[in-house]
Amino acid sequence: MLSIHRTCLALALAGGVLALAQAPDAPLTGNAIIDARQLIDAGKYEAAIEQLQPPAVDADSADVQRLLAKAQAALGQTSDAKRHYKKAIELDDRAETRVELGRLYASEQHYALAVEQFEQAAASGFDDPSLHADMGRAYLHLDDLFGHVRTIDAEGAEPGQIVNGWYLIEAVPDQPDRFLAAPRESAVYQLDLATQQNDDPRLLLEYAALWLGSQRYQQAVEIYKRVESFLPRSDLSPEEVARFRSDFAEALYGADDLDGYLAQMQAIADGDPARSGIILADAYVKIADRHNQRGDLLGYLDYLKRATAERPDRPDLQFRLGIAYWEAGNAAQAARHWRMTLQMQPGHPYREWMLEQIALVSAQQD
């Protein structure tokens with residue numbers, strides 16, 4: 001009996017081989033897909049597309065449609081790629097496919113269409129830092145930074161937390177446990193989720209820029225500090241690092257951290273020796289202006305002196321330093337700097353006024 005079973009099995013296998021031999025055009029989907037994936041991984045996109053053509057594959061396979069779309073997207077054939085991604089979704093609606101279709105829309109700056117795909121992927125339960133990053137960036141491009149903000153109650157919570165599907169932006173003054181909150185359909189919500197799980201410096205810089213652009217400087221500062229903590233081991237280019245420091249400095253200045261602002265500006269100047277004096281002079285002037293706004297005349301005078309020491313060739317700085325000395329009661333120093341102003345800019349708009357003050361000082365000295 002055992003030999004009969006073996007004979008039947010042999011005949012069945014032989015029949016299968018014979019059937020394949022008689023139908024050479026039958027789809028070989030499994031092997032063709034494996035080969036195509038390997039070609040795509042090797043960057044051989046055109047060869048992969050050729051491999052994925054019938055009769056080697058079943059054109060109604062969702063895997064085939066996805067692979068075709070991936071190869072075409074890599075070649076910049078976005079229209080064809082979108083068509084195949086949509087066909088794949090019709091055959092087998094997967095979140096990952098919608099994410100890739102959304103990214104194609106985003107690459108074409110069709111951000112509303114991108115968000116639609118990302119949201120459907122998220123609604124299916126797909127949760128990944130890269131999806132949150134994609135959604136956040138799309139909302140940023142749509143200028144939907146905070147979405148439809150509302151006031152919610154969240155007992156014991158703190159700004160910056162996500163509570164019951166809402167990102168807590170800031171506390172409502174004089175109302176304990178009440179917050180202005182952003183919904184999940186907003187850049188801040190999605191980017192916060194993405195950066196909780198991912199310390200990619202470029203993503204963090206985009207998130208910080210959101211806060212900086214909305215003039216919420218302290219929030220921006222906290223994110224820039226995260227970037228700075230691993231800056232030495234990042235792959236940011238020198239240009240990206242310079243931009244980071246410039247934006248970080250702006251956030252620190254807005255948050256009234258003048259020492260931190262000056263430290264960043266000094267780092268920028270150190271990285272650009274040819275323009276160091278220009279950079280530092282401008283930084284000192286900004287700090288001087290902040291002291292002036294506070295009514296701190298001595299601080300104002302101190303930083304104007306530093307700025308002028310960096311750029312003694314600037315008549316505007318010489319003029320302002322003269323005014324500061326005049327207000328501080330040092331008429332002789334004021335006259336000195338006004339003389340230097342007129343030497344560099346004889347046609348200064350306040351020429352006559354400066355000459356009068358210089359004459360008065362000279363008369364008093366005589």
Side-chain angles (χ1 to χ4, degrees), residues 140 145-146 157-161 167-174 179-180 182 187-188 191-192 195-196 199-234 236-273 275-311 317 320-321 324:
L140 274 180
L145 306 186
F146 298 100
E158 296 289 338
Q161 293 179 336
Y167 176 87
L168 306 184
I169 302 170
E170 58 189 33
V172 177
D174 304 320
F179 300 86
L180 289 179
V188 67
L191 288 177
D192 188 77
T195 55
Q196 283 180 21
D199 273 338
D200 175 68
R202 292 180 179 85
L203 181 61
L204 286 169
L205 290 174
E206 290 180 271
Y207 189 29
L210 179 153
W211 293 110
L212 183 61
S214 60
Q215 298 184 349
R216 288 176 165 86
Y217 299 112
Q218 192 57 52
Q219 290 94 326
V221 165
E222 295 307 314
I223 300 169
Y224 285 129
K225 285 181 178 178
R226 286 176 63 186
V227 176
E228 189 174 45
S229 69
F230 53 80
L231 194 62
R233 59 184 185 275
S234 76
L236 293 176
S237 68
E239 293 76 17
E240 288 174 314
V241 171
R243 178 60 187 270
F244 151 71
R245 293 204 179 279
S246 178
D247 290 344
F248 191 8
E250 183 181 347
L252 289 161
Y253 185 81
D256 207 31
D257 183 351
L258 299 185
D259 289 339
Y261 165 76
L262 187 55
Q264 291 302 320
M265 296 307 294
Q266 182 66 62
I268 294 171
D270 291 344
D272 190 356
R275 299 182 64 251
S276 177
I278 296 172
I279 294 167
L280 289 176
D282 289 343
Y284 291 141
V285 167
K286 285 194 69 168
I287 298 176
D289 288 339
R290 183 59 60 85
H291 283 286
N292 193 34
Q293 292 165 4
R294 295 172 178 167
D296 178 6
L297 179 57
L298 292 180
Y300 177 61
L301 181 59
D302 177 39
Y303 280 96
L304 275 183
K305 287 166 63 177
R306 298 190 196 191
T308 306
E310 293 290 340
R311 291 296 306 278
L317 293 181
R320 288 184 64 176
L321 187 53

State, to 0.1 Å, how close [X] and [Y] come at their nearest heavy-atom pair, and which atoms those are.
{"X": "Ile223", "Y": "Leu204", "answer": "CG2-O, 3.4 Å"}
{"X": "Pro232", "Y": "Ser229", "answer": "CD-O, 4.5 Å"}
{"X": "Asp192", "Y": "Gly160", "answer": "OD2-O, 4.1 Å"}
{"X": "Ala251", "Y": "Tyr217", "answer": "O-CB, 3.5 Å"}
{"X": "Ala324", "Y": "Leu297", "answer": "O-CD1, 4.2 Å"}
{"X": "Val221", "Y": "Leu252", "answer": "CG2-N, 3.8 Å"}

For the atom pair [atom1] ([X]) and [atom2] ([Y]), what is the distance rounded to the nearest 0.5 Å?
{"X": "Arg202", "Y": "Glu240", "atom1": "CZ", "atom2": "CD", "value": "4.0 Å"}
{"X": "Ile287", "Y": "Asn292", "atom1": "CD1", "atom2": "CG", "value": "13.5 Å"}
{"X": "Asp200", "Y": "Glu206", "atom1": "CG", "atom2": "CD", "value": "8.5 Å"}
{"X": "Ser276", "Y": "Gln266", "atom1": "OG", "atom2": "CD", "value": "6.5 Å"}
{"X": "Leu280", "Y": "Ile268", "atom1": "CG", "atom2": "CD1", "value": "9.5 Å"}
{"X": "Leu168", "Y": "Gln161", "atom1": "CG", "atom2": "CD", "value": "6.5 Å"}

Please lay out, stage by stage, how Leu212 and Tyr224 fare under the test side chain to side chain contact (heavy atoms under 4.5 Å, CB included). CA-CA 10 Å; Leu212 183 61; Tyr224 285 129; 3.6 Å; yes
Are Lys286 and Met265 close enough, and set up right, to give a side chain to side chain contact (heavy atoms under 4.5 Å, CB included), and what steps lead you there? CA-CA 11 Å; Lys286 285 194 69 168; Met265 296 307 294; over 6 Å; no
Could Asp256 and Arg294 be called an ion pair, given the rule that one side-chain N must be under 4.0 Å from one carboxylate O?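 So Asp256 pairs with Arg294 through a salt bridge.
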Any non-hydrogen side-chain atom of [X] less than 4.5 Å from a side-chain atom of [Y]?
{"X": "Phe179", "Y": "Glu158", "result": "no"}
{"X": "Leu205", "Y": "Leu236", "result": "yes"}
{"X": "Leu231", "Y": "Arg245", "result": "yes"}
{"X": "Gln264", "Y": "Glu250", "result": "no"}
{"X": "His291", "Y": "Leu258", "result": "yes"}

More than 12 non-hydrogen atoms from neighbouring residues, nucleotides or ligands closer than 6.0 Å to CZ on Arg226, yes or no?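 Yes, enclosed.
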Check the side chains of Gln293 and Asp289 for a donor-acceptor pair under 3.5 angstrom, ignoring hydrogens and angles.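 No donor-acceptor contact under 3.5 Å links the two side chains.
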With a cut-off of 3.5 Å and sequence neighbours excluded, list every side-chain donor-acceptor pair involving residues 298-306.
{"from": "Tyr300", "atom 1": "OH", "to": "Arg320", "atom 2": "NH2", "distance (Å)": "3.3"}
{"from": "Asp302", "atom 1": "OD2", "to": "Arg306", "atom 2": "NH2", "distance (Å)": "3.3"}

How about Phe146 and Trp211: are their ring centroids closer than 6.0 Å?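 When the ring centroids of Phe146 and Trp211 are compared, they turn out to be within the sub-6.0 Å range.
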